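Here the structure comes first, spelled out in structure tokens, and everything after it is commentary.
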Amino acid sequence: MLNLNGNIKIYLATGHTDMRKGVHSLSHLAESVLSQEFCTGALFVFRGKRSDRLKILWYDGQGFCMYYKLLDQGKFTRPKSEGCKSVSITSAQLSMLLEGIDI
């Protein structure tokens, strides 16, 4: 279950991610591209090229967990970023993103 309390760090990859990637590939991508460690309990959010798919990866202390959402209609938006590979977002912004609301 996703824990979206106010203290959790959430990192959104700004580029497009191949949604065929699994847990291990996404964890390597997060470590190399986002330069963050999983032991902090942070959430790592990846968006597909068509912008209708979203994957969230986190480490719960025992293993990796992945949340996957596919929109029937519409697209997931992302905040504007100038040359950054990732941006930090709040839990409220992630909730809006998951609902398909433009953040």
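Note that this is a predicted model, so its numbers are computed, not measured. All residue numbers in this chain count up from 1 along the given sequence. Computed from heavy atoms alone, side chains included, the values below leave out hydrogens, waters and symmetry copies.
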- Between Leu54 and Leu71, is a side-chain contact (heavy atoms from CB on, under 4.5 Å) present by the stated rule, with each step listed? CA-CA 9 Å; Leu54 194 104; Leu71 291 178; over 6 Å; no

For the side chain of [X] and the backbone of [Y], is there at least one donor-acceptor N/O pair under 3.5 Å apart?
X: Arg47; Y: Phe76; value: yes
X: Gln93; Y: Thr90; value: yes
X: Lys9; Y: Leu43; value: no

- Once the angle between the rings of Tyr11 and Phe44 is folded into 0 to 90°, is it parallel (under 30°), tilted (30 to 60°) or perpendicular (over 60°)? parallel

- Quick one: do Ser88 and Ile10 satisfy side-chain contact (heavy atoms from CB on, under 4.5 Å)? Show the steps, please. CA-CA 6 Å; Ser88 182; Ile10 304 167; 5.9 Å; no

- Note on the structure: Output for pair (Leu29 CG, His24 NE2), nearest 0.5 Å, gives 14.5 Å

- Got a second to check how far Lys69's NZ is from Asp52's CG, nearest 0.5 Å? 12.0 Å

- Kindly indicate whether the side chain of Leu57, heavy atoms from C-beta on, has any atom under 4.5 Å from the side chain of Val45. no

- Minimum side-chain heavy-atom gap Ser27-Phe64 below 4.5 Å: yes

- Query: Hey, is NZ on Lys49 packed in by over 12 heavy atoms from elsewhere, all under 6.0 Å?
  - Reply: no

- Heavy-atom closest pair, residues Tyr59 and Gln62: OH-C, 3.9 Å

- Note on the structure: Taking every heavy atom of Ser51 against every heavy atom of His16, the minimum-distance pair comes out as OG-CE1, 4.2 Å

- Note on the structure: Sorted by chain and number, sequence neighbours left out, side chain to side chain contact (heavy atoms under 4.5 Å, CB included) with Ser25 holds for Lys21

- May I ask you to establish whether Lys55 and Phe46 are in a cation-pi arrangement, using a distance under 6.0 Å from NZ or CZ to the six-membered ring centre and at most 45° from the ring axis? no

- Task: Give the intermediate values and the outcome of side-chain contact (heavy atoms from CB on, under 4.5 Å) for residues Ile56 and Leu94.
- Result: CA-CA 10 Å; Ile56 301 173; Leu94 177 59; 4.0 Å; yes

- Task: Please identify each residue that fulfils salt bridge (Lys or Arg N to Asp or Glu O under 4.0 Å) with Asp60, with sequence neighbours left out.
- Result: none

